[in-house]
Amino acid sequence: MNPDYNVVTVEALITAYDPILVFLSILIAILSSFSAFGMVERNISSRQSSQKIAWNLFAASMMAIGIWAMGFIGFLALKPAMPVNYNVPTIILSVLPLICACSIVLWLITQQAFNYFRLLAAGLLLGSAISLMHYINIATISSNTVMVHNAGLVYLASFIALALAIVALKIQYQAIHQSQYKFTTKKQIVSAVVMGLAFSGMYYPAMTALQFIPQTPNKVIDGLAANTLALMVTVMILLLLLPAIIIPYFLRYKQLINTVNQDAARLHAMMDTSQDALIQMNAKGDIVGWSAQAQGVFGWTNKQAVGKELANLIIPIPLRAAHKKGLEHFMATGEGPILNKIIEVEALHQDGHNLPIELTISFIKLADGFEFNALVRDISQRKKAKKALVVANEKLAFQNKEKDKRTAQLIRANQEIDRRANELALAASVFTHALEGIFITDAANRVIDVNKKFTAITGYSREEVVGQAPHFFQTDRHPPEFYSAMWQVIRSSGQWAGEILSHRKNGEKYVASITISAVKNAVGKVSHYVALFSDITLQRDHQCQLEEMAHFDALTKLPNRALFADRLNQAMLQCQRHHNSLAVIFMDLDGFKEVNDTYGHAIGDELLIMVSHRMSDTLREVDTLARIGGDEFVAVLNDLVNAEDYKMPLKRLLLAASKPITVGDVVLKVSVSIGVAIYPQDDADADILIRHADQAMYMAKKAGKNCYHLFDSALDNAVNLKLESISNIRAALNKHEFVLYYQPKVNMSTGEVVGVEALIRWQHPVRGLVPPLDFLSLIENHAISLDIGEWVIDTALNQISQWQSIGITLPISVNISAYQLQQTDFVQRLAILLASHPDVSPHLLALEILETSAFSDINYIIPTMKSCLELGVQFALDDFGTGYSSLTYLRRLPANLIKIDQSFIRDMLTDADDLAIVLAVVSLAKAFQLEVIAEGVETVEHGTALLQLGCKLAQGYGIARPMPASDIPTWLSSWQPYQAWLHK
């Protein structure tokens, strides 16, 4: 095209767009982006390189075809005043550079190290490819006109494509690396919409930049109607995008279903392979889990049992009231007398008969309540065997006694012997077929007989143990004192029951539940001992697993919050008994969030495991380290003879946490901030001690991290008092108890009122009107100060609007804190406040900042102030001269007014130094072409002296005190300047 078309004087032809085709083009751009981003996630979840490449090319093709279709339909949406034609083959070929660019860009966002340089490169590449496609297509247009481009709109279109592409890629990168198992997220939808707008945002400004200038008379160009062609392209593209959108999400849904099914299968396999019956009950008492073994014990199938109330199914009627009362007691107190204990009770079988069971109940605390787990074993056979054995022993003793007394009655004795033999035969049958292991020893504790179950459990044959002492139950896993105490109980009471940690013949360890009874003869002497035992190893293993789940952190295997609280309470009781101290340590890792954000949760979890092991290794066995969530740990240091003994362990903890840690190929470095509370110096309960240590930890964070801080109760009281005051101030803001007073500013030389300064007051319902010095210092650098600051600005703008409605136009200046000015979104929030008062000109609002506040971080504040000036808002430096004044800073700060602090004005008539300072400030203002105003003018003489120095603007009690907004109109009508000031 001729570059001099800008000088053509012929008026450009007016073009228009078909809104339906425009909407279709934008919709296709968004859908193609959504489908492409969905396939990129499949790229990440794929393991084979060929699959990754295929998904990437597939996604790039879908995105490129969508961009191309958007552009092509956009051309068809164009309705120029003169006929045009397009070179369709060239338009189709323009998709090739897009496919190449999209392949590279989508490959980049799947990389873990997607830094800002790569983000910019991806945005430039994609934006350039979109522009290239567009201008290739422009080149295919043929018509009886000259095409002229508006350079500014061309640049704007390219910038829009680049900026929105970068934003969309950044959002999508965060979305696909956040979770591979969420079906879809807001970020995925937003990134697709932004990317679609990037394509459309480039295309339509670029098309707007194109003007058609007629050269020759109109010429009719025949061809397919634009709407028809657009409809054909739209249908083809949507048919192509539909499977591209559905396939990735169908695969993700299938992956989620497989994961859920695998978890359910593992849970059912664990329940069904247990030797004991497992029953799960919710907090309402309903059955939610019923293993196959439970059906064997009680007769009810899983389908019949699940969903039924436990009490109505297996608990005998006389025991149901006690069961219900016990459940209610646990729900109210969290305690139960039978939890985690092995008890024997009677249960109800499906056919209506009662059967004895051995029961162990534990509970797990869930997010929405509790769940109870019960391990059940049918002990009917054991009861029968034990009962038969007792009966046999009693009858044997009776027979011996009768034999001694009635030796003369031989016939009778023989008959008794025959009867006893029959009974012994019955007892022997029970002995042989019992489900519990049984062994019998003589009075010297040497084995005289064992049953088959004994051999099955221990692995020892009858021949190997008969005549031997029962050494197979004595292991080094119990100290000698254990066995001594056991025999002492047997000798004193005749029976002992408990658990013994033993081992089989092959060395395998197991847990035996055993009952040993002493059998005495007719004269009261022990004739032999009978022991019944069963292998409860699996039952104990299940119980240990449940206890570990309830009391230990799943990631680090450290105690969790519940177990830590129990150990802390025990340690506090020990302190009271032994009159020593303990330290509660609250720890939070410094820099852990950055590790998670940069390297992902998998690396973060490995870091937590390694750090927890290091810290645990620095503590003694009597101490406890626990993880209570995220990167927070707590520890209790026991048996501190001196309160200062906690310092050395803390130094070891700080050193252990700060050493570099290598996870895979990544070297990580974090540190820990520690808070300490000492008991009983801090005489609080366990929860309060932990909270105090937590508060101290935050003080360590504020002190620079990687250090520890000891809790200070006085400081805590001060903090609580401040928090209470802040809470009262927040309540006052919600109750609309704050008001603004206004102090006029005047030009003393002309008498003109140039504005007012807004000053906040608290209209307290009890204390009356509270001045700002009594409450503003309490909220300095606190979030509530931002809410109050915005309220002041909004109220001032509303007041300007009200005054304008009665014919008064007065600028208002408000004071803002450095904390508010340094907020990253200050300019945006100020713009929103101005936009909510469209009838108020922004130049009527001035923001006053303390000189010291502005100078604390000038490099950050200057851009913020310039952005505010672009909105039309003015700036003033308040209390000038009280801070660290610098000519360099004064030159750089974009303020148009400086206020001389009243401390210099007050004594300027009597103090030569103050007078010199005022003169210097006025001279500086003139040198930098700034306005200057003096505050604190209380007398005519103050004003006269200021006018002589060249300062014409002033405010103070000599002019007017701060007053409610309703008094301003009356004051304006009655204001008369001093004659001594006029025309000076």
Rounding to 0.5 Å, atoms OG1 (Thr824) and CZ (Arg829) come to a distance of 10.0 Å
Quick one: does any side-chain atom of Ser805 pair with a main-chain N or O of Gln802 as donor and acceptor, under 3.5 Å? yes
So, Lys899 and Glu757, do they make that salt bridge, N to O below 4.0 Å? yes
List in chain and number order the residues that pass side chain to side chain donor-acceptor pair (under 3.5 Å) with Asp825, two or more places apart in sequence or in another chain; answer none if no residue qualifies. none
Crowding at CD, Gln828 (>12 non-hydrogen neighbours, <6.0 Å): yes
Trp803 and Tyr742 aromatic centres sub-6.0 Å: yes
For Lys745, is there an ion pair with Glu848 - N to carboxylate O distance below 4.0 angstrom? yes
Test of understanding: with side chain to side chain donor-acceptor pair (under 3.5 Å), list the residues that count as partners of His764, not counting sequence neighbours. none
So CG of Leu821 and CD1 of Ile849: to nearest 0.5 Å the spacing works out to 5.5 Å
Answer with yes or no whether the side chains of Ser801 and Asp839 bring together a donor and an acceptor at under 3.5 Å. yes
Side chains of Val840 and Leu845: closer than 4.5 Å at any heavy-atom pair? no
Identify the heavy atoms of Leu740 and Val792 that sit nearest to each other, and give their distance. CD1-O, 3.8 Å
Between the main-chain N or O of Val595 and the side-chain N or O of Thr598, is there a donor-acceptor pair closer than 3.5 Å? no
Would you tell me whether Gln955 and Glu935 have side-chain atoms, one donor and one acceptor, within less than 3.5 Å of each other? no
Test item: Ser817 side-chain N/O and Gln820 main-chain N/O as donor-acceptor pair under 3.5 Å: yes
Between Trp762 and Phe775, what is the ring plane arrangement, given parallel below 30°, perpendicular above 60°, and tilted in between? perpendicular
Start with the C-alpha distance between Cys951 and Ile933, add both sets of side-chain angles, then the distance that settles side chain to side chain contact (heavy atoms under 4.5 Å, CB included), and finish with yes or no. CA-CA 7 Å; Cys951 177; Ile933 184 172; 5.7 Å; no
Decide yes or no on side chain to side chain contact (heavy atoms under 4.5 Å, CB included) for Ile788 and Ile729, but give the supporting numbers first. CA-CA 9 Å; Ile788 291 179; Ile729 292 172; 3.6 Å; yes
Under a 4.5 Å cut-off applied to non-hydrogen side-chain atoms, are Leu759 and Asn815 in contact? yes
Are there over 12 heavy-atom neighbours, none belonging to Lys669, within less than 6.0 Å of that residue's NZ? yes
Residues that Asp590 engages under salt bridge (charged side-chain N to carboxylate O under 4.0 Å, His left out), provided they are two or more places apart: Lys701
Are Gln874 and Leu847 side-chain neighbours, meaning at least one heavy-atom pair lies under 4.5 Å? no
Exceeds 12 heavy-atom contacts within 6.0 angstrom, atom OH of Tyr819: yes
